[in-house]
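In the text below, chain A, chain B and the rest are named by the order of the sequence lines, each starting its count at 1.
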Amino acid sequence: MMKLKQLDGLLGHLQQFSKPKVELEQYPTGHHIASRMLFTAESSFGDVSDKVVADFGCGCGTLGAAAALLGAQQVIAIDIDSESLELALLNAENLELDLDLVQCDIKNLGWRGQIVDTVVMNPPFGTRKKGADMDFLFVALQVASEAVYSLHKSSTRDHVKRAALGSFNASSAEVICELRFDLPQLYKFHKKKEVDVAVDLWRFVPKSNRGNGCF
Amino acid sequence: MRLLTHNMLSSNIKGVTNGFPLGIEVVKVVEKQVELNADFLKNMFHKIDWKGLVDGSRAMGYFELPGEPPETSALESEEFLSKFHHALLELHLEEGALVCPETGNICHFASTLRGFPS
């Protein structure tokens, strides 16, 4: 298995958004966070290598690339924004990785049941559009058969746990670690140079299939 | 887009009840070699919708898969595994469109961006 330091180094070379879109809450998943997220998923839980992994709201493809580097059999990277997908494609090609790209709003994805093994995502935090992160989580728990890894603001921890176990399809919901998300001043409305946000890395386990129905 | 991904997607057009499998309109198919992973294939065999895979592979010009779903014992055959592997993971729809089976409308999953009609 690839070492964490090596993974971190490779992800550090990826190209990021040049003009992030406010309405989509686009901000890059830093290589530091992405490498630790996927490394933990593989080394502690075996949820990556030889698996089918989907990256929801992939942006420039950092999490998907990390999954591919750790030996995922197939990575499906999904985003609503075509410019993001072009960047993801470029980044994947530079690392000689092969991602399957799908352009779609996560909420409107047509999916034939729980076929993907693992979903990884850094969803919009729902700061601009309330509940956006929970929309992603809802779909992820319908699609994944083994695990969902996601980042949510620590301030929403109780809410995330309640929703995942109560209304969504999770049989377990655990915070694996707390991270500091250093958001550089991407947008004009950010007053400070850098916004430091406390973020939880979650691992959710979906309930097993209740029939193979589409949704 | 590989047929593995195609096998997971269904139509997202509103009001459609049976949106699987999506039809494939091919403009360009490319083949990319992937190392065969027998354990992965044996596991995936049970998750795959066989008809969706066969229809998709035929649309992409590959006719080596049997029309009827094979018995699990077929997984012991190297010849079968290599055909299954090729169809599932090595054929890429590089340019083309995915079509809703119920309405005949094109679903807007731009799987590959270069030259994909949007």
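- The heavy-atom pair separating B/Lys47 from A/Arg112 by the smallest distance is O-NH2, 3.0 Å.
- Across every non-hydrogen atom of A/Leu101 and B/Met1, the tightest pair is O-CE, 4.5 Å.
- Atom CG of A/Asp100 and atom CG of B/Leu9 lie 9.0 Å apart (nearest 0.5 Å).
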Decide yes or no on side chain to side chain contact (heavy atoms under 4.5 Å, CB included) for B/Met44 and A/Val52, but give the supporting numbers first. CA-CA 9 Å; B/Met44 192 45 71; A/Val52 178; 3.5 Å; yes
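- Sorted by first and then second residue, the salt bridge (charged side-chain N to carboxylate O under 4.0 Å, His left out) pairs with a member in residues 64-73 of chain A form an empty list; sequence neighbours excluded.
- Contacts between B/Asp39 and chain A at a heavy-atom distance below 4.5 Å are absent for every atom of the residue.
- Shortest non-hydrogen contact noted between B/Asn12 and A/Gly110 is CB-N, 3.8 Å.
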Kindly indicate, with the supporting measurements, whether the criterion side chain to side chain contact (heavy atoms under 4.5 Å, CB included) is fulfilled by A/Asp98 and B/His92. CA-CA 11 Å; A/Asp98 209 351; B/His92 287 251; 3.5 Å; yes
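- Here B/Leu88 contributes atom CG and A/Gln74 contributes atom CD; the two are 7.5 Å apart, rounded to the nearest 0.5 Å.
- Of all heavy-atom pairs spanning A/Asp50 and B/Phe40, the tightest one is O-CD1, 3.2 Å.
- Of the atoms belonging to B/Lys14, not a single heavy atom falls under 4.5 Å from chain A.
- Interface check for chain A: of the options B/Leu89, B/Val16, B/Asn7, the most heavy-atom pairs under 4.5 Å are formed by B/Asn7.
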